[in-house]
Amino acid sequence: MIKEKSLLEIKNLHVSVDDDIKILNGINLTIKLGEIHVIMGPNGSGKSTLANVLSGRPGYNIDKGEIIFKGEDITSQDPEIRARNGMFLAFQYPMELPGVRTWQFLKSSVDAIRLHNELPELKIKEFDKLLEEKKEIVEMNSELLKRSVNEGFSGGEKKRNEILQLSLLNPTFAMLDETDSGLDIDALQIVAKGVKNYHNNNNSVMLVTHYQRILNHLSPDYIHVLMDGKIVKSGDKSLSLELESKGYEWIRESILKQS
Amino acid sequence: MANQKIISRNTKLEDNQYKWGFELDIDSETAPKGINPEIIKFISKKKKEPEWMYEWRMKAYNHWIKKGDSEPTWANIKYPKINYQDIIYYAAPKSNDSAPQSLDDVDPELITAFNKLGIPLEEQKKLTGVAVDAVLDSVSVATTYKDMLKKAGVIFCSMSEAIQNHPELVKKYLGSVVPYSDNFFATLNSAAFTDGSFVYVPPKVRCPIELMTYFRINQEDSGQFERTLIIADEGSYVSYLEGCTAPMRKTSQLHAAVVELVALKDAEIKYSTLQNWYPGNKDGEGGVYNFVTKRGICKGQNSKISWTQVETGSAITWKYPSVILQGDNSIGEFYSVALVNNFQQADTGTKMIHVGKNTKSTIIAKGISAGKAQNTYRGQVKVLPTAKNAKNFTQCDSLLIGDKCGAHTIPYIEVNNPTAQMGHEATTSKVNDDQLFYLQQRGISLEEANYMIINGFCRGIFKELPFEFAMEASQLLKVSLEGTVG
């Protein structure tokens with residue numbers, strides 16, 4: 001694929017939840033291969049909803065608009081199909097799966113995606129080798145792989161587990177939903193390193209965050225500000241610095257002035 | 001430890017058909033329907049039993065008649081009245097008249113049938129695996145590995161053979177844990193049992209292989225009334241597995257078995273069950289009525305009995321594998337997964353009766369309900385005044401799939417000694433949508449995601465099973481749930 005080709009196109013996306021509460025009010029966004037897009041915005045502006053809707057999470061009504069991924073309309077596609085086609089979401093709150101061993105979970109996931117791409121399942125040895133290599137990147141303790149998925153993991157361990165999955169599955173499009181929230185400085189660096197290690201010209205990243213600090217480790221191409229379910233401002237990395245020092249109110253005010 | 005590898009049975013499953021539902025084409029020699037002194041005489045004669053055995057059966061029969069209509073009604077199950085005179089109490093494959101001496105003597109059609117069931121009796125000679133006793137309808141057809149066990153001094157044979165060859169042991173222990181007067185179904189079994197397995201492990205012997213019995217009801221309108229007796233003498237150890245299947249039938253079939261376990265001083269018995277009797281169709285027609293009495297006694301000090309059961313089959317399950325903790329420091333365990341789907345009903349649990357000092361029991365019961373099925377855990381922990389420092393821990397977890405099924409937990413605790421320590425935990429949950437989405441987002445299908453979560457729910461129980469049995473249990477779970485999730 002050539003770099004200029006758009007990987008993801010979101011066209012006039014309107015999303016509501018039960019009782020007609022509108023969350024997204026006409027999102028337009030195009031993400032090309034090789035790009036890193038950052039979504040910022042105040043609490044409740046719809047950032048997480050955007051990531052969830054893109055990945056196909058049930059519970060949202062898409063009232064209008066479409067999502068084009070790799071040239072295909074995926075607006076009503078099942079989440080596992082999107083995942084197999086290369087869409088990944090690092091969860092804000094990774095779920096605990098009691099009794100499901102982390103190792104087994106990771107292997108099932110890798111194999112599901114491989115089978116979809118007409119590749120054979122990995123042999124245990126092959127998988128262990130891959131896992132060994134990837135877990136070094138996020139400095140994941142091997143003991144955790146024997147435990148149930150995320151059960152009894154610390155906040156930082158859960159987030160690292162998400163980045164481990166990102167590295168293992170190597171998707172074309174990775175969404176990170178506040179992966180940097182609640183991390184200490186060391187953990188943040190490890191997570192940033194994982195993302196950096198993953199990212200190249202053949203994939204794209206959409207990072208949802210509240211903080212500028214993770215961006216110090218990455219080189220985002222665009223910063224978008226989401227307010228009341230709309231992208232109200234886009235800019236380059238300098239916008240994130242401006243937001244960090246000034247907050248969001250000035251944007252709201254400038255919008256009001258314009259109208 | 002000697003080779004504990006167990007034979008692998010084919011559990012590849014193509015669709016949500018009940019894969020075990022084919023019918024064997026073997027002429028059976030059947031008794032006329034119904035139960036009466038004539039029939040009991042017929043069974044006893046067929047089995048060439050000694051007089052004492054016949055008398056014991058008759059004692060049970062008379063008790064059953066005297067008690068009249070005393071079928072228990074306290075369980076949380078509903079079923080049409082069973083007509084006990086409409087059941088065939090004895091059905092034997094004809095070719096069994098001259099009992100086979102080795103696998104070569106076994107009717108090749110039977111071998112084919114068992115291969116179809118996924119029990120490769122043929123292969124057993126090659127694999128140092130499990131000794132298998134297969135009970136078809138009412139009669140034990142083949143017991144493998146006799147020689148190897150003989151060397152170790154272990155007796156593993158059909159109950160009929162044990163009555164002939166080891167009458168002193170049978171006389172001493174039969175009915176010693178579950179007396180013929182115990183309950184309606186156990187009494188009926190005592191009168192009419194046709195076969196079953198018998199195990200005796202001599203003192204200080206660790207049984208070198210896993211022992212296994214495979215039960216199958218084949219004959220239409222027949223009931224299965226097997227009787228199993230396992231005796232672990234002082235300081236011995238045995239692990240015993242039991243598997244069950246039955247063909248698909250429109251009419252219901254009765255299975256009323258009795259299992260008795262006796263663990264003497266320092267002995268340990270591990271008893272594992274995979275129960276996959278025909279559960280009936282999705283409209284609730286047919287299926288096996290499984291009324292089973294299983295009980296063990298930790299007779300000597302430091303003895304241990306552990307029950308592990310995975311119950312996925314039967315239209316009705318009524319079963320409470322129990323342990324009487326008589327010896328000081330003895331241990332009783334009950335690990336259970338009971339899965340019900342469609343119109344299945346299960347009322348299952350355990351009883352732990354603490355008699356001796358420092359006795360300890362653990363109960364972990366996992367119930368899974370899907371479709372319109374009802375699942376009840378019923379348990380009793382009883383601490384007698386003599387049981388100083390008794391300890392029990394009970395955990396009951398229920399998982400619901402869909403909104404038309406039910407889960408019920410009924411634990412009885414009776415403590416008569418102030419030094420007892422009791423712990424009880426119970427949870428009820430549904431498969432969580434967020435968990436499912438998490439798995440789907442990783443490329444795993446909704447059905448597989450459900451299965452992974454349910455399997456995870458049962459993991460603590462499956463790890464108690466021998467490895468290959470655990471694999472099969474997990475497969476059984478998957479096939480039993482097919483079509484209900486996703």
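Just so it is clear: chains get the letters A, B, ... in the order the sequence lines come, proteins before strands, and each one is counted from 1.
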- Item | Minimum heavy-atom distance between I113(A) and G443(B), given as atom pair plus value | CG1-CA, 4.4 Å
- Query: Side chain, backbone, both or neither: which part of N432(B) has a non-hydrogen atom closer than 4.5 Å to chain A?
  - Reply: side chain
- Query: chain A heavy atoms under 4.5 Å from Y438(B): which part of the residue, side chain, backbone, both or neither?
  - Reply: both
- Message: Quick check: do S148(A) and R459(B) have side-chain heavy atoms less than 4.5 Å from each other?
- Response: yes
- Query: What's the shortest heavy-atom distance between L89(A) and R442(B), and which atoms?
  - Reply: O-NH1, 2.8 Å
- Query: Tell me, do F437(B) and P79(A) make a side-chain contact under 4.5 Å, heavy atoms counted?
  - Reply: yes
- Query: Hey, what do you get for CG (L436(B)) to CE (M95(A)), rounding to the nearest 0.5 Å?
  - Reply: 9.5 Å
- Task: Please check if the side chain of Q441(B) supplies one atom and the backbone of E80(A) the other of a donor-acceptor pair under 3.5 Å.
- Result: no
- Note on the structure: From the list S109(A), A112(A), P171(A), the residue making the most non-hydrogen contacts under 4.5 Å with chain B is S109(A)
- With chain A, the option among G456(B), C458(B), A449(B) that has the most non-hydrogen atom pairs under 4.5 Å is G456(B)
- Which region of Y93(A), side chain (C-beta onward) or backbone (N, CA, C, O), has a non-hydrogen atom less than 4.5 Å from a non-hydrogen atom of chain B, or is it both or neither? neither
- Got a second to check how far S108(A)'s OG is from M452(B)'s CE, nearest 0.5 Å? 4.0 Å
- Structural part of R57(A) lying under 4.5 Å from a heavy atom of chain B: both
